[in-house]
Amino acid sequence: MRDQVRLVEVGPRDGLQNESSHLPTNVKIELIRRLFGAGIRHIEAGAFVSPKWVPQMADSAAVIDALNAPERAEVLALVPNEAGLKSALASQVETIAVFTAASETFSKRNTNCSIEDGLARLRPVVQQARDAGRQVRGYVSCIVGCPYEGRVPIASVVRVAEELFAMGCDEIALGDTNGVARPAEIRALLKAVTAGIPASQIAIHVHDTYGMGLANVLTSLELGLRSVDASVAGLGGCPYAPGASGNVATEDVVYLLEGQGLTTGIDLDALIQVGTWICNTLGRVPSSRVSAARSTRS
Ligand code: HMG
Ligand code: MG
């Protein structure tokens with residue numbers, strides 16, 4: 001049997017949180033249904049964050065409640081605090097995704113608190129999510145660089161990742177928030193992080209600002225990771241990481257994985273159609289090389 005990768009589609013959250021125009025709720029629901037139709041089974045569908053901070057995610061409960069997720073699908077949602085957890089637990093969310101950063105300034109800009117205070121705020125959230133029988137993912141942002149502070153020391157990332165793991169996160173998602181990382185940096189970082197956390201419990205979440213996304217995914221696979229985040233058509237960015245582009249495109253990751261003998265269960269052509277549809281809806285061009293190549297060919 002071929003090796004399997006857990007591909008987590010984050011476009012409906014990381015992608016749409018950064019759109020200047022608010023996409024209607026029914027279009028978000030349609031996007032997720034189409035992604036399910038293309039074989040996506042792990043999807044970050046929204047964020048229970050403050051609507052004052054990220055208004056684009058204010059309808060996350062309505063989106064998630066309307067999903068008729070296929071069997072064995074996993075719906076993830078971002079949760080910053082106990083208020084967000086309460087809403088998430090009232091919805092059909094399998095995995096609670098808490099988040100903090102390895103950079104003080106980014107933590108302050110993104111969550112209005114220091115790293116230490118953020119970790120303290122997340123501790124009861126993780127505990128309560130586990131008590132409620134949910135899986136918990138813990139994001140660490142700025143794993144290589146910070147849009148405000150520049151280079152981030154590996155030791156800072158290791159410390160935050162280990163804290164999240166120790167408080168009970170089932171998976172640690174390492175976020176190259178502003179897409180500055182290169183393979184040698186990812187390799188060095190993963191060697192350090194996997195000294196304390198098994199590779200099987202680490203996900204890689206890269207943005208593609210410098211075009212290094214796929215190379216960084218490949219490096220992560222070589223180091224044993226089997227959980228990879230991507231965003232259909234490369235949608236997205238982070239409202240608190242100025243200049244950062246979207247995640248690495250799911251279409252490109254699927255193409256890469258299939259060539260490496262790794263399965264995802266995703267129908268690449270169907271996925272390209274979803275990416276083209278959402279980009280037409282948003283009035284933009286997919287930032288997927290595979291999508292561009294296939295559409296030129298046909
Ligand atoms: P704050 O202003 O310090 O919090 O924000 P607060 O407790 O003082 O609350 C302020 C107001 O928000 C209050 O309303 C609260 O009720 C409300 P008011 O009394 O003024 O009417 N509020 C909430 N409402 C709904 N749901 C909630 C919630 N919490 C408070 N959960 C807070 C602190 C953390 C809440 C805020 O900073 C926040 O929501 N930040 C989220 C920012 C965000 O979503 N960023 C993007 C996602 S992270 C990312 O993209 C990186 C990632 O992709 C990985 C990577 O790429 O590296 C994950
Ligand atoms: Mg992100």
Side-chain angles (χ1 to χ4, degrees), residues 1-10 14 39-44 72 74 76 94-95 97-102 126 135-145 152-177 179-208 210-231 247-266 268 290:
M1 199 176 86
R2 296 213 301 171
D3 208 355
Q4 281 225 335
V5 168
R6 174 168 170 269
L7 197 153
V8 180
E9 169 60 51
V10 296
D14 210 341
I40 295 281
R41 285 297 173 270
H42 310 275
I43 195 152
E44 202 161 81
R72 294 197 312 280
E74 176 193 10
L76 301 89
E94 277 77 29
T95 302
V98 298
F99 55 104
T100 181
V126 173
Q135 292 287 304
V136 185
R137 154 180 273 216
Y139 276 105
V140 185
S141 285
C142 302
I143 55 166
V144 169
V152 173
I154 287 179
S156 309
V157 183
V158 170
R159 191 184 72 78
V160 174
E162 287 186 350
E163 283 265 359
L164 287 171
F165 194 60
M167 73 173 75
C169 290
D170 301 284
E171 178 179 67
I172 301 301
L174 298 174
D176 178 24
T177 315
V180 294
R182 288 161 285 194
E185 290 156 329
I186 292 291
R187 185 177 295 276
L189 176 71
L190 287 178
K191 281 195 172 151
V193 177
T194 53
I197 303 171
S200 58
Q201 285 175 273
I202 300 174
I204 191 76
H205 173 106
V206 294
H207 288 258
D208 205 23
Y210 281 80
M212 296 289 121
L214 276 187
N216 290 333
V217 168
L218 184 58
T219 301
S220 306
L221 295 171
E222 285 168 0
L223 283 155
L225 271 62
R226 288 295 178 271
S227 182
V228 176
D229 289 7
S231 167
N247 296 88
V248 64
T250 315
E251 297 87 323
D252 298 359
V253 173
V254 170
Y255 184 79
L256 170 73
L257 293 172
E258 301 275 317
Q260 297 298 111
L262 297 162
T263 55
T264 60
I266 296 165
L268 180 55
V290 169

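Position 1 is the first residue of the sequence; numbering continues from there. Fair warning: this is a prediction, and the values are worked out from it, not measured in the lab.
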If I compare all heavy atoms of [X] with all of [Y], which pair ends up nearest, and what's the gap?
X    : Y    : result
L164 : Y139 : CD1-O, 3.7 Å
P183 : A215 : CG-CB, 3.6 Å
A161 : V193 : CB-CG1, 4.4 Å
I154 : A192 : CG2-CB, 3.6 Å

Interatomic distance, [X] atom [atom1] to [Y] atom [atom2] [nearest 0.5 angstrom]:
X    : Y    : atom1 : atom2 : result
E74  : E44  : CD    : CD    : 9.5 Å
T95  : L76  : OG1   : CG    : 4.5 Å
E94  : I43  : CD    : CD1   : 11.5 Å
I266 : E258 : CD1   : CD    : 8.0 Å
S227 : L174 : OG    : CG    : 10.5 Å
S220 : L225 : OG    : CG    : 5.5 Å

Looking at side-chain heavy atoms only, is the closest gap between [X] and [Y] below 4.5 Å?
X    : Y    : value
P198 : F165 : yes
H42  : L7   : no
L218 : L214 : no
H205 : V8   : no
L221 : V5   : yes

Out of D14, V248, V180, which residue meets the side-chain contact (heavy atoms from CB on, under 4.5 Å) rule with H207?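 Filter result, single survivor: D14.
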Checking side-chain contact (heavy atoms from CB on, under 4.5 Å) between T194 and each of I202, L223, L189, which is the one that passes?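 Between T194 and the candidates, side-chain contact (heavy atoms from CB on, under 4.5 Å) is satisfied uniquely by I202.
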With sequence neighbours excluded, residues passing salt bridge (Lys or Arg N to Asp or Glu O under 4.0 Å) with R187: E222
All salt bridge (Lys or Arg N to Asp or Glu O under 4.0 Å) counterparts of D229, not counting sequence neighbours: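 D229 satisfies salt bridge (Lys or Arg N to Asp or Glu O under 4.0 Å) with R137 once adjacent residues are dropped.
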Assess whether atom OH of Y255 is packed by more than 12 heavy atoms of other residues, nucleotides or ligands within 6.0 Å. no
Working for side-chain contact (heavy atoms from CB on, under 4.5 Å), residues I143 and I186: CA-CA 9 Å; I143 55 166; I186 292 291; 4.0 Å; yes
Under 3.5 Å donor-acceptor, [X] side chain and [Y] backbone:
X    : Y    : result
N216 : A181 : yes
T177 : C142 : yes
D170 : Q135 : no
T100 : V140 : no

What verdict does the side-chain contact (heavy atoms from CB on, under 4.5 Å) test give for E251 and L268, after you've listed the backbone C-alpha separation in whole Å, the side-chain angles of each residue and the deciding distance to 0.1 Å? CA-CA 6 Å; E251 297 87 323; L268 180 55; 4.2 Å; yes
Show, in sequence, the C-alpha distance, side-chain angles and deciding distance for T264 and R6, and conclude whether the side-chain contact (heavy atoms from CB on, under 4.5 Å) test is met. CA-CA 7 Å; T264 60; R6 174 168 170 269; over 6 Å; no
M212 vs E185, side-chain contact (heavy atoms from CB on, under 4.5 Å): CA-CA, chis, key distance, verdict: CA-CA 11 Å; M212 296 289 121; E185 290 156 329; over 6 Å; no
